Amino acid sequence: MAAAAPPLRAPRFHARHRRISVRCAVASDATEAPAAPGARLSADCVVVGGGISGLCTAQALATKHGIGDVLVTEARARPGGNITTVERPDEGYLWEEGPNSFQPSDPVLTMAVDSGLKEDLVFGDPNAPRFVLWEGKLRPVPSKPADLPFFDLMSIPGKLRAGLGALGIRPPPPGREESVEEFVRRNLGAEVFERLIEPFCSGVYAGDPSKLSMKAAFGKVWRLEEAGGSIIGGTIKTIQERGKNPKPERDPRLPKPKGQTVASFRKGLAMLPNAITSRLGSKVKLSWKLTSITKSDSKGYVLVYETPEGIVSVQAKSVIMTIPSYVASDILRPLSSESELVEAVDRDLRKMLINPRAVDPYVLGVRVWPQAIPQFLVGHLDILDAAKSALNRSGYDGLFLGGNYVAGVALGRCVEGAYESASQISDFLTKYAYK
Ligand SMILES: Cc1cc2nc3c(=O)[nH]c(=O)nc-3n(C[C@H](O)[C@H](O)[C@H](O)COP(=O)(O)OP(=O)(O)OC[C@H]3O[C@@H](n4cnc5c(N)ncnc54)[C@H](O)[C@@H]3O)c2cc1C
């Protein structure tokens with residue numbers, strides 16, 4: 001549906017409200033003076049949330065797109081979001097309370113190198129197996145095809161079932177979105193699901209594979225069956241396609257991990273958000289909690305924050321929300337209160353389906369999307385598409401959704417998502433905001 005922008009709303013200013021807009025210079029150094037209270041400035045892009053997604057988006061805007069007029073606003077007094085490295089230098093150790101490692105894909109390595117952390121990267125031993133505790137014994141998970149006949153985590157009939165299923169000898173897809181459990185049981189059998197995938201799902205998502213969406217949570221594997229009629233058929237097709245379209249040359253600055261492994265930094269994962277924060281300098285505002293966002297009378301948005309200095313507002317041409325979905329949905333909900341949704345739906349139905357002079361509609365109810373957590377349940381991708389297109393349809397150009405519930409929960413996917421968001425913001429600022 002294409003609806004005109006809903007009526008604009010004035011921001012709800014607090015009694016102690018001061019209006020401060022911030023303009024940051026393009027250079028990303030830490031020496032820039034903080035914005036003076038009362039200054040009337042603006043930012044090309046405000047990134048809401050200083051977790052890995054938000055910080056990497058700001059860094060990608062600066063390094064890939066030359067957009068440095070950016071402000072990163074973070075509610076907590078420290079950057080990094082979920083990343084929580086605790087160091088006890090006196091006792092000679094550190095530990096991770098949140099994420100503990102990442103898959104060293106090229107986008108994450110690029111981010112690390114661009115943040116000056118190339119020498120601080122540490123990689124796990126690629127030959128160290130992962131284990132699953134099954135029937136009282138820790139059993140190694142196969143890490144290469146040669147291990148498949150010998151590993152003792154699965155029975156011989158279980159291995160045969162998995163092999164035949166992977167070749168396509170299994171029930172056809174049901175023609176509706178499948179959960180992880182449904183997809184894996186159908187394609188690879190019960191043993192693969194119970195002994196490999198279930199432990200993996202609880203490790204990565206802390207989630208229930210009977211509810212997680214295969215397409216959203218493990219899209220790469222899901223696409224194999226789509227593309228090639230079976231998991232092995234899709235793998236062969238993917239290899240053939242890769243041969244036809246070779247990858248662009250790899251950035252020679254990037255270290256090459258030896259085999260499949262995980263990575264971190266010498267002093268823990270917090271090194272990455274801390275390094276980006278110190279590069280961005282005064283562009284990162286800590287203890288700034290976004291309380292509302294409104295479309296401004298002129299182009300762009302007005303964001304209102306609770307800060308240690310009191311209530312502050314910022315004018316921005318574009319905004320990316322990388323805060324958790326349950327916070328974003330509360331903050332964005334006022335942008336479409338329910339009567340406007342009804343009006344928008346009615347307006348579009350009149351345009352598309354029915355006589356424009358039809359009598360007023362009878363409103364049965366209004367469905368507002370529920371708060372989502374990054375569990376990628378069945379239907380997740382449809383909900384995300386609907387949320388993005390609703391913002392577009394309602395005229396909220398330049399307001400982007402980012403973060404782990406959009407890009408994927410793994411840190412690597414958050415970084416890849418940050419590069420994707422930075423490209424979209426850059427396109428927007430180039431095509432629209434400067435006209
Ligand atoms: C316990 C745990 C273990 C994990 N282990 C791994 C692992 O080993 N490997 C892996 O790859 N992934 C792991 N993950 C997943 C990964 O850590 C997350 O998906 C990723 O850190 C999310 O980053 P983000 O920036 O999208 O969101 P967040 O880290 O949630 O950042 C969002 C930020 O927004 C801020 N914010 C919230 N409200 C406001 C507001 N109103 N105004 C301004 N700012 C606001 C928050 O304070 C926060 O800093 C783990 C996650 C958890 C929780």
Side-chain angles (χ1 to χ4, degrees), residues 46-60 71-86 95-105 107-109 111-112 124 130 200-207 216-217 261-265 268-270 272-274 276-277 284-293 301 303-308 311-314 316 319-334 371-376 384 400-422:
V46 169
V47 177
V48 186
I52 199 68
S53 300
L55 289 166
C56 291
T57 303
Q59 165 118 318
L71 203 62
V72 180
T73 56
E74 164 55 47
R76 292 182 200 161
R78 62 160 185 87
N82 285 336
I83 295 178
T84 317
T85 307
V86 181
W95 78 90
E96 302 284 2
E97 288 187 355
N100 53 57
S101 58
F102 57 86
Q103 300 279 337
S105 63
V108 201
L109 294 177
M111 192 57 73
R130 288 163 190 257
F200 183 74
C201 272
S202 54
V204 174
Y205 281 96
T261 187
V262 292
S264 182
F265 299 97
L269 289 174
L272 183 58
N274 290 345
I276 298 175
T277 302
V284 179
K285 301 291 178 196
L286 299 177
S287 305
W288 277 37
K289 183 180 172 198
L290 180 70
T291 54
S292 73
I293 173 168
Y301 296 86
L303 299 100
V304 179
Y305 289 90
E306 283 170 12
T307 79
I311 302 296
V312 166
S313 73
V314 179
V319 177
I320 172 148
M321 308 286 269
T322 69
I323 52 185
S325 56
Y326 54 88
V327 187
S329 64
D330 275 353
I331 291 175
L332 293 177
R333 189 165 292 132
Q371 288 183 345
I373 53 166
Q375 278 291 301
F376 290 62
L384 203 53
F400 299 91
L401 300 179
N404 59 358
Y405 69 97
V406 178
V409 293
L411 289 170
R413 276 302 303 149
C414 294
V415 177
E416 286 168 39
Y419 280 116
E420 287 156 20
S421 300

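In this text the structure is predicted, and so the values were computed from the model without any measurement. Atoms within each ligand, like the ligands themselves, are counted from 1 in listed order.
For the pairing with Ser101, the side-chain contact (heavy atoms from CB on, under 4.5 Å) check across Leu269, Thr261, Val262, Leu411 returns one residue only, Val262. Remark: of the listed residues Val72, Thr322, Val319, Val319 is the sole one forming a side-chain contact (heavy atoms from CB on, under 4.5 Å) with Val48.
Panel note: side chain Thr84, backbone Glu97; no donor-acceptor pair is recorded below 3.5 Å. Panel note: side chain Thr291, backbone Val304; a donor-acceptor pair is recorded below 3.5 Å.
Arg78 CZ: more than 12 foreign heavy atoms inside a 6.0 Å radius.
Considering only residues two or more places apart in sequence or on other chains, Gln103 meets the side chain to side chain donor-acceptor pair (under 3.5 Å) condition with none of them.
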At less than 3.5 Å, what protein N or O atoms come close to the N or O atoms of ligand 1? Include the distances to 0.1 Å.
unit_1, atom_1, unit_2, atom_2, d
ligand 1, 8 (O), Asn100, N, 3.1
ligand 1, 8 (O), Asn100, OD1, 3.4
ligand 1, 9 (N), Ser101, O, 2.8
ligand 1, 11 (O), Leu411, N, 2.7
ligand 1, 19 (O), Asn404, ND2, 3.1
ligand 1, 19 (O), Val409, O, 2.5
ligand 1, 25 (O), Ile52, N, 3.1
ligand 1, 25 (O), Ser53, N, 2.9
ligand 1, 25 (O), Ser53, OG, 3.3
ligand 1, 26 (O), Ser53, OG, 2.7
ligand 1, 26 (O), Asn404, N, 3.0
ligand 1, 29 (O), Asn82, N, 2.8
ligand 1, 41 (N), Leu290, O, 3.1
ligand 1, 42 (N), Leu290, N, 2.9
ligand 1, 44 (N), Ala75, N, 3.1
ligand 1, 47 (O), Glu74, OE2, 2.6
ligand 1, 47 (O), Arg76, NE, 3.4
ligand 1, 49 (O), Glu74, OE1, 2.6
ligand 1, 49 (O), Glu74, OE2, 3.1

